[in-house]
Amino acid sequence: MNFLEERILKDGIVNEGNVLKVDSFLNHQMDIELFGKMGEEFKRRFAGKEINKILTIEASGIGIACIAAQYFQVPVVFAKKSKSINIEGEMYVAEVESFTHKCKNQVIVSKKFLSKGDKVLIIDDFLANGCALQGLISIVQEAGASVEGIGIAIEKGFQVGGRMIRNLGFQLESLAIVDGMDEKTGSIEFREQEERREK
Ligand code: 5GP
């Protein structure tokens with residue numbers, strides 16, 4: 001079991017509706033030492049990839065992306081959630097349906113900060129149905145940049161996002177993959193990952 005899986009078992013709470021609450025260390029209060037280990041692990045998993053920018057989405061992806069960026073020594077751009085519709089032109093826009101809030105948001109990135117030729121690592125806290133990632137991928141592609149990899153803290157492997165993104169051919173690295181959880185018992189089951197990744 002890796003450091004993140006151990007922490008999820010210790011402090012994660014299984015809520016109804018297939019929601020894993022990790023707000024004591026990941027997406028409300030943030031354990032920066034843990035984020036450091038995650039950043040280091042992302043760097044190891046994407047070793048050899050030429051990356052010049054990290055792209056994430058507000059709000060929970062930002063902290064993880066910023067700490068990871070220290071290992072890649074690249075800037076972080078975050079997609080902003082916006083209800084405004086009058087922004088096309090200077091902005092890349094994608095529509096994203098929120099799994100946790102059950103609403104649709106437009107996410108926007110200024111054209112100033114993402115350009116043709118950029119080699120992008122996308123980072124986010126959770127992967128569930130993959131809507132957030134699809135939005136970010138479409139923004140990168142619209143910019144004429146390339147997605148060099150996708151790093152996720154927690155993938156919920158029983159939802160469709162992971163399979164869909166891997167089937168599209170992207171290198172998707174999730175530090176913990178939850179294959180099942182039970183709100184009644186609080187149990188959480190992880191997918192086994194390759195030995196080399198368990199350092
Ligand atoms: P997706 O777009 O892949 O369906 O969902 C990804 C987004 O939904 C993540 O950025 C995260 O903010 C949120 N999310 C999805 N599932 C969970 C969950 O079980 N727990 C928490 N805390 N956030 C989740």
Side-chain angles (χ1 to χ4, degrees), residues 4 8 12-23 26-28 30 38 42 45-46 53-66 68 76-88 91-111 113-114 118 120-181 183 188 190-191:
L4 183 58
I8 293 167
I13 296 166
V14 182
N15 275 4
E16 61 176 34
N18 281 331
V19 172
L20 177 62
K21 216 160 185 244
V22 288
D23 60 356
L26 198 88
N27 52 22
H28 194 160
M30 296 180 281
M38 287 164 45
F42 283 134
R45 292 193 187 199
F46 294 106
K53 201 159 277 189
I54 290 178
L55 176 67
T56 188
I57 183 166
E58 69 175 355
S60 304
I62 296 175
I64 298 167
C66 286
V76 175
V77 177
F78 67 90
K80 296 185 176 210
K81 292 174 181 161
S82 161
K83 294 257 183 296
S84 163
I85 44 164
N86 211 2
I87 40 183
E88 279 176 71
M91 300 281 178
Y92 304 113
V93 184
E95 186 134 300
V96 169
E97 190 161 352
S98 162
F99 174 79
T100 35
H101 299 111
K102 308 279 180 247
C103 63
K104 278 192 178 175
N105 277 308
Q106 281 191 323
V107 298
I108 57 173
V109 171
S110 167
K111 289 189 176 172
F113 304 125
L114 200 56
D118 274 336
V120 179
L121 173 64
I122 295 176
I123 285 197
D124 203 3
D125 61 339
F126 267 91
L127 170 56
N129 290 326
C131 299
L133 275 188
Q134 274 186 308
L136 294 177
I137 290 167
S138 82
I139 282 175
V140 173
Q141 290 175 339
E142 196 190 334
S146 62
V147 177
E148 294 299 314
I150 300 171
I152 297 289
I154 306 173
E155 174 182 335
K156 293 193 293 182
F158 55 88
Q159 291 182 244
V160 299
R163 194 178 329 128
M164 176 188 71
I165 297 292
R166 290 189 180 92
N167 283 344
L168 290 170
F170 295 106
Q171 184 185 349
L172 167 62
E173 298 285 347
S174 302
L175 303 186
I177 303 180
V178 175
D179 263 346
M181 49 189 202
E183 65 181 87
I188 299 169
F190 295 105
R191 186 176 306 172

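Quick note: residue numbers are just sequence positions, from 1.
- Residues Met164 and Gln134 are in side-chain contact: their nearest non-hydrogen atoms beyond the backbone lie under 4.5 Å apart.
- At a threshold of 4.5 Å between non-hydrogen side-chain atoms, the residues Ile137 and Ile165 count as touching.
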For residues 56-64, please give each side-chain donor-acceptor pair under 3.5 Å, one per line with the distance, not counting sequence neighbours.
from  : atom 1 : to     : atom 2 : distance (Å)
Thr56 : OG1    : Gly61  : O      : 3.4
Thr56 : OG1    : Ile123 : O      : 2.6
Glu58 : OE2    : Lys81  : N      : 2.8

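- Here Met181 contributes atom CE and Asn18 contributes atom CG; the two are 5.0 Å apart, rounded to the nearest 0.5 Å.
- The OH atom of Tyr92 lies 12.5 Å from the CD atom of Gln141; values are rounded to the nearest 0.5 Å.
- Here the closest heavy-atom approach between residue Phe126 and residue Leu20 is recorded as CZ-O, 3.6 Å.
- For residues 140-163, every residue pair satisfying the salt bridge (Lys or Arg N to Asp or Glu O under 4.0 Å) rule, not counting sequence neighbours, is listed here: Glu155-Arg166.
- Leu26 contributes atom CG, which lies 5.5 Å from atom CE of Met38 (distance to the nearest 0.5 angstrom).
- No more than 12 heavy atoms of other residues, nucleotides or ligands shown are found within 6.0 angstrom of NZ on Lys21.
- Heavy-atom minimum distance, Asp125 versus Ile152: O-CG2, 3.9 Å.
- The heavy-atom pair separating Val77 from Lys53 by the smallest distance is CG2-CD, 3.9 Å.
- Taking each heavy atom of Phe190 and Ala176 in turn, the nearest pair found is CE2-CB, 4.2 Å.
- We find the CG-NZ distance between Asn105 and Lys80 to be 14.0 Å, quoted to the nearest 0.5 Å.
- At a threshold of 4.5 Å between non-hydrogen side-chain atoms, the residues Leu175 and Phe42 count as touching.
- Scanning both residues, Ile108 and Ser82, for their nearest heavy atoms gives CD1-CB, 3.9 Å.
- Leu133 pairs in a side chain to side chain contact (heavy atoms under 4.5 Å, CB included) with only one of the listed residues (Ile150, Val96, Leu168), which is Ile150.
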Inset, instruction - Let me see the working for Leu136 and Val120 under side chain to side chain contact (heavy atoms under 4.5 Å, CB included), right down to the final yes or no. - result: CA-CA 10 Å; Leu136 294 177; Val120 179; over 6 Å; no

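- Of all heavy-atom pairs spanning Ala132 and Asp124, the tightest one is CB-OD2, 4.0 Å.
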